[in-house]
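This report concerns only the one structure given below.
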Amino acid sequence: MKKHNFSAGPCILPQEVFEKASQAVLDFNGMGLSILEISHRDKAFVAVMEEARALALELLGLTGKGYQAVFLQGGASMEFLRVPYNLMKVDGKAAYLDTGTWANNAIKEAKPFGETVVVASSKSDNYVYIPKEYSIPSDADYFHCTSNNTIFGTQMRSFPETNVPIVCDMSSDIFSRTLDFSKFDLIYAGAQKNMGPAGTTLIVVKEEILGKTGRAIPNIMNYQQHIEKESMYNTPAVFAVYTSLLTLQWLKNLGGIAAIEKVNEAKAKLLYEEIDRNPLFRGTTVKEDRSNMNATFVLNDENHKELFYSMWKAAGISGITGHRSVGGYRASMYNALPIGSVQVLVDVMKELEKSIQ
Ligand SMILES: *Cc1c(COP(=O)(O)O)cnc(C)c1O
């Protein structure tokens, strides 16, 4: 039986994507070859890469606006390093908003390159909210933020107005909600949270911000090099890019980001209403900053843990255990998770309430 998969990542993808990707492993495009055994230079795969790059920009509303999309390897963690390499000037300065573990890791990778200014942090409150009052130094080379904090379950609803280029780690909420993406100068996202399997990272960058650091950048780290080589500087993650393309096509057929956003809002509302209503549970973040992708919550009385566990297991639910640094529960509701799965979880929470009265 297919599970109700709330995993934070790698995570659920649309069933039709699993089916098409499986088919391509056996026979890609009727070529008599598996996608796993063709050259990345084969015109069939070059077409996949071109379409994936173009479709990513199209869905974000960035076609023809001076942006380039590339699919690289190394995960979002590699971009923590590539971003300062490509954007921080020699003896420069970068501004970071510290909203959680991933933001913190990004800061650590930038430190060797120059001055990192943490404009605000919610660390002392275990990252249960998004800091909103802060100013960005006007001489910073860029401002870096994390749109959705996968581990703590908070999500940025607004982004600062600034003349400094904005860099955003959108790993866990890209393609989930409408935003004016042209406000961002560089967006990156590991595929495995909302787009595809692990192994590739989407980077969308406004070309005009590149090439200004005055430092020598090794080719493998250099965004300009990857753009020039059309994301084929070295062998790309062929299968991960193909599967990401299938997911992007699925999203386009659904009506794009605006259509999935409505579903995502309905799913989040359904679950948060139950967390707030049910006396056995409480949410772990401040309400105004709650993430529509990752809902974090705890049992008020840990004694009910075993019973709850047996009930959600029996209902076919998978992946709701909270991150080891937070504990409790985390229900990740990425694009491909059906609202029916959220209803199953809500029903189990109600059943638990009834059974211990
Ligand atoms: C998972 C995650 C990362 C790390 O991604 P890797 O691909 O494992 O390097 C970074 N940022 C955010 C917001 C994430 O959710």
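Both counts, for ligands and for their atoms, begin at 1 and track the order of listing.
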Salt bridge (Lys or Arg N to Asp or Glu O under 4.0 Å) for Asp141 and Lys93? Distances and angles first, verdict last.
CA-CA 6 Å; Asp141 295 326; Lys93 178 194 281 189; over 6 Å; no
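Here the two rings, on Tyr67 and Phe181, have centers that are 6.0 Å apart or farther.
Val326 meets the side chain to side chain contact (heavy atoms under 4.5 Å, CB included) test with Ile151, Phe152; sequence neighbours excluded. For Thr296, the side-chain hydrogen bond (donor to acceptor under 3.5 Å, both in side chains) criterion is met by Thr284, not counting sequence neighbours. Remark: Asp289 pairs with Lys132 by the side-chain hydrogen bond (donor to acceptor under 3.5 Å, both in side chains) rule, at least two apart or across chains.
No donor-acceptor pair closer than 3.5 Å links the side chain of Arg330 to the backbone N or O of Thr321.
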Report all N/O contacts between ligand 1 and the protein shorter than 3.5 Å as a table of atom names and distances to 0.1 Å; if there are none, say 'none'.
unit_1	atom_1	unit_2	atom_2	d
ligand 1	7 (O)	Ala76	N	3.1
ligand 1	7 (O)	Gln192	NE2	2.9
ligand 1	9 (O)	Ala76	N	3.2
ligand 1	9 (O)	Ser77	N	2.8
ligand 1	9 (O)	Ser77	OG	2.6
ligand 1	11 (N)	Asp169	OD2	2.6
ligand 1	15 (O)	Thr150	OG1	2.4
ligand 1	15 (O)	Lys193	NZ	2.7

